[in-house]
Amino acid sequence: MLSFDLHKRKLLTAFLLLLFAWSLFGVNWQEGVLHSSGLGTAMEIFAAMFQPDLSADIIRLAVHSSWITLAYATAGISLALILALVFGILASGVLAGGKGSRKMMKGFFRGVLGFMRAIHELVWAWLFVASFGLTPYAAVFALAIPYGGILGRIFADMINDVPEEPIQALRAAGASRLQCLFYGYLPSVKASMISYTMYRYECAVRSSAIMSFVGLGGLGYQIQLSLDDLHYDEVWTFMYFLILLIILIDGWSNMLRKRMAL
Amino acid sequence: MSEQNMIEVNSIEKRYERKIALSSLSFVVKKGELVALIGPSGAGKTTLLNLLASLLEPDSGELKVDGKPLSQYADRRQRARKIGLIRQQFDLVGQLAVIHNVLAGRLAEWSLLKSFASLFIPQEKDKAVDALKRVGLEDKLYERTSNLSGGEQQRVALARLLMQKPEVILADEPVASLDPARSEDILAMLTGLAKQENQTVVASLHSVEYARKYFTRLIALKNGDIFFDLPSHQVTEQQLQELYQLKELN
Ligand SMILES: Nc1ncnc2c1ncn2[C@@H]1O[C@H](COP(=O)(O)OP(=O)(O)OP(=O)(O)O)[C@@H](O)[C@H]1O
Ligand SMILES: [Mg+2]
């Protein structure tokens with residue numbers, strides 16, 4: 001039995017390797033992949049990495065764009081967190097009474113969450129920009145919907161993984177389902193929820209930067225403008241600000257986690 | 001001691017798929033009795049306690065608590081006043097402070113708003129402090145519960161029961177993972193407090209020694225059936241040997 005399993009796994013590995021090799025042939029290496037002046041430009045960009053433009057004007061612009069990127073990300077993730085809490089708790093099914101209604105509730109709200117995250121934030125951004133125009137709301141909603149879907153799904157799974165015994169004990173002490181939520185489920189998953197949300201916050205900052213390519217302003221937009229003007233030194237200034245944002249959030253998230261571990 | 005029937009078990013049966021866990025069991029427990037369930041692993045002790053706690057439904061037969069069928073305790077408040085449960089230490093919410101785990105014993109009586117507010121400003125704090133004093137843990141009020149030792153956690157669970165004040169306490173191996181000194185400490189506390197409040201206790205135990213020392217009556221289960229049901233002092237070594245024997249003598 002074991003040797004058979006091993007055999008199967010080897011077959012699968014071989015199959016995946018073949019698939020990978022085949023995918024390499026799928027790429028047309030001759031044309032389109034490398035720039036005509038390819039290597040030269042790459043060297044220029046690489047060299048600029050060590051000489052970012054630190055003039056007052058660019059720094060001021062970078063600070064302002066970082067602020068916009070961070071503001072969109074923060075508003076987006078906050079809204080996502082609210083959506084995720086509501087839909088995640090509903091999708092976990094712990095509020096439903098009977099077995100049947102629990103199954104229905106789980107199925108329905110997991111479907112909703114699936115729909116929210118099936119569509120990428122950039123696509124949501126296009127849709128919202130197309131329908132409302134270039135407003136901050138477009139960026140915030142475009143972030144909040146897929147991130148809410150992802151967070152909500154993870155929250156639901158976390159809640160479903162809470163051990164049964166303490167919850168049964170609460171029920172035996174006469175707690176209602178909502179009381180079980182506040183005294184059992186949520187305290188048990190709070191730390192992992194915050195930690196995962198902070199990680200997603202980081203991702204939201206990156207997404208928010210990308211989002212600005214759509215024309216919503218922010219770091220990504222500035223990077224694009226500078227790239228178009230071939231000002232690679234400016235590009236790197238903006239990149240470093242982006243990295244700084246991520247590091248700041250990571251530090252904050254570590255601080256939160258330490259405080260919660262007490 | 002009053003002669004009121006607290007628990008009536010009338011030929012209940014419980015099957016898991018095709019395996020019979022309990023076969024047509026009957027007994028009566030009077031108010032204030034301290035009953036220990038003993039018997040080998042797989043005898044059906046947990047199943048019986050879970051049936052009494054209505055965590056499981058019997059396939060047939062009747063369970064009455066204080067003269068009323070269990071199925072009629074649909075209201076969680078009524079049920080919590082009647083029946084309380086204590087098991088091994090993973091029964092507590094480890095991430096909550098000790099005080100909230102203790103106050104959870106009051107959830108049946110509290111509105112949702114009050115129980116929510118209590119997580120930020122503990123309500124009826126005096127009662128919780130009192131209960132913790134009685135189990136000797138008043139200095140751990142705001143400690144995170146998972147930081148406590150197994151024995152301390154079991155005392156927190158006892159304090160929660162003190163808040164809940166059920167008339168019947170069901171305990172499934174309440175001292176399974178504790179060292180001998182802690183075990184005796186918890187059992188002495190459990191039975192002592194129950195005597196003070198004239199509560200009825202049904203506890204499953206693996207140690208016959210503790211069962212005889214702290215409980216007034218032993219019900220021995222074997223293969224889902226009652227093997228003997230006697231006052232503690234009447235149980236003989238012979239009977240115990242037969243109870244835990246691996247193979248039947250023929
Ligand atoms: N969920 C279940 N599904 C199937 N069979 C079960 C289940 N729970 C218990 N059983 C079976 O029912 C019988 C009684 O189990 P029970 O847990 O009540 O025994 P116990 O006396 O509590 O044993 P222990 O002392 O080991 O805790 C066992 O044979 C067990 O295998
Ligand atoms: Mg058991």
Side-chain angles (χ1 to χ4, degrees), chain A residues 82 85-86 88-90 92-102 154-198 253 256-262, chain B residues 49-50 52-56 73 75-97 100-120 142-147 153 156-157 160-161 163-166 169-170 172:
Chain A
I82 295 170
L85 277 175
V86 173
I89 288 169
L90 290 172
S92 71
V94 297
L95 294 184
K99 253 190 186 145
S101 61
R102 171 174 293 212
I154 299 285
F155 287 179
D157 285 350
M158 284 175 178
I159 290 175
N160 285 141
D161 284 344
V162 170
E164 265 296 296
E165 290 88 0
I167 306 296
Q168 276 182 353
L170 285 174
R171 299 282 302 163
S176 68
R177 290 193 190 278
L178 271 170
Q179 283 174 327
C180 283
L181 185 68
F182 292 130
Y183 276 74
Y185 293 111
L186 290 185
S188 301
V189 297
K190 194 174 82 185
S192 3
M193 271 186 177
I194 290 180
S195 152
Y196 189 75
T197 306
M198 289 306 285
S253 129
L256 276 179
R257 226 170 306 170
K258 274 211 196 92
R259 192 160 355 134
M260 293 229 298
L262 290 183
Chain B
L49 285 167
N50 285 347
L52 288 170
S54 44
L55 294 174
L56 287 178
Y73 287 97
D75 178 36
R76 62 188 171 87
R77 250 177 219 112
Q78 265 184 11
R79 186 158 48 81
R81 278 182 203 144
K82 214 46 100 177
I83 306 165
L85 187 62
I86 183 170
R87 295 182 294 189
Q88 291 179 33
Q89 66 233 40
F90 36 70
D91 252 16
L92 299 170
V93 181
Q95 291 81 354
L96 280 181
H100 297 304
N101 267 309
V102 175
L103 286 172
R106 299 284 302 153
L107 286 180
E109 310 292 328
W110 285 0
S111 70
L112 182 62
L113 193 68
K114 186 170 179 182
S115 37
F116 185 70
S118 176
L119 285 172
F120 303 97
Y142 291 106
E143 190 92 28
R144 195 184 148 107
T145 305
S146 58
N147 290 349
Q153 291 195 20
V156 173
R160 179 168 69 186
L161 268 185
M163 299 295 282
Q164 189 185 339
K165 278 197 198 137
I169 296 175
L170 304 173
D172 191 8

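Here the structure is a predicted model, which means the values were calculated and not measured. The analysis underlying the following values was restricted to heavy atoms, covering all of them including side chains, and did not include hydrogens, waters or symmetry mates. So you know, we letter chains A, B, ... as the sequences are listed, proteins then strands, and number each from 1.
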Could you have a look at [options] and say which one has the most heavy-atom pairs with chain A under 4.5 angstrom?
options: B/L161, B/L96, B/L170, B/D75; result: B/L96
options: B/L103, B/L85, B/I86, B/L55; result: B/L55
options: B/Q164, B/R76, B/R81, B/Q78; result: B/R76

Distance in Å, [X] [atom1] paired with [Y] [atom2], rounded so as to fall on 0.5 Å steps:
X: B/S118; Y: B/W110; atom1: OG; atom2: CH2; value: 3.5 Å
X: A/L85; Y: A/F155; atom1: CG; atom2: CZ; value: 5.5 Å
X: B/N101; Y: B/Q95; atom1: CG; atom2: CD; value: 9.5 Å

Check whether [X] gets within reach of chain A through its side chain, its backbone, both or neither, counting any heavy atom under 4.5 Å.
X: B/R79; result: side chain
X: B/A104; result: both
X: B/R160; result: side chain

**Report entry** Smallest separation among heavy atoms of B/S111 and A/Q179, with atom names
**Finding:**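 Closest approach of B/S111 to A/Q179: O-NE2, 3.9 Å.
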Query raised in the report: Do you know which two heavy atoms are closest between B/A97 and B/Y142, and how far apart they sit?
Result: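 Answer, listing the atom of B/A97 first, then B/Y142: CB-O, 4.0 Å.
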Query raised in the report: Among A/S176, A/G184, A/P163, which has the most heavy-atom pairs under 4.5 Å with chain B?
Result: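 The answer is A/S176.
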Report task. Count the heavy atoms belonging to other residues, nucleotides or ligands that lie under 6.0 Å from NZ of B/K114, then report whether that count exceeds 12. Result ->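 For B/K114, atom NZ is crowded (more than 12 foreign heavy atoms under 6.0 Å).
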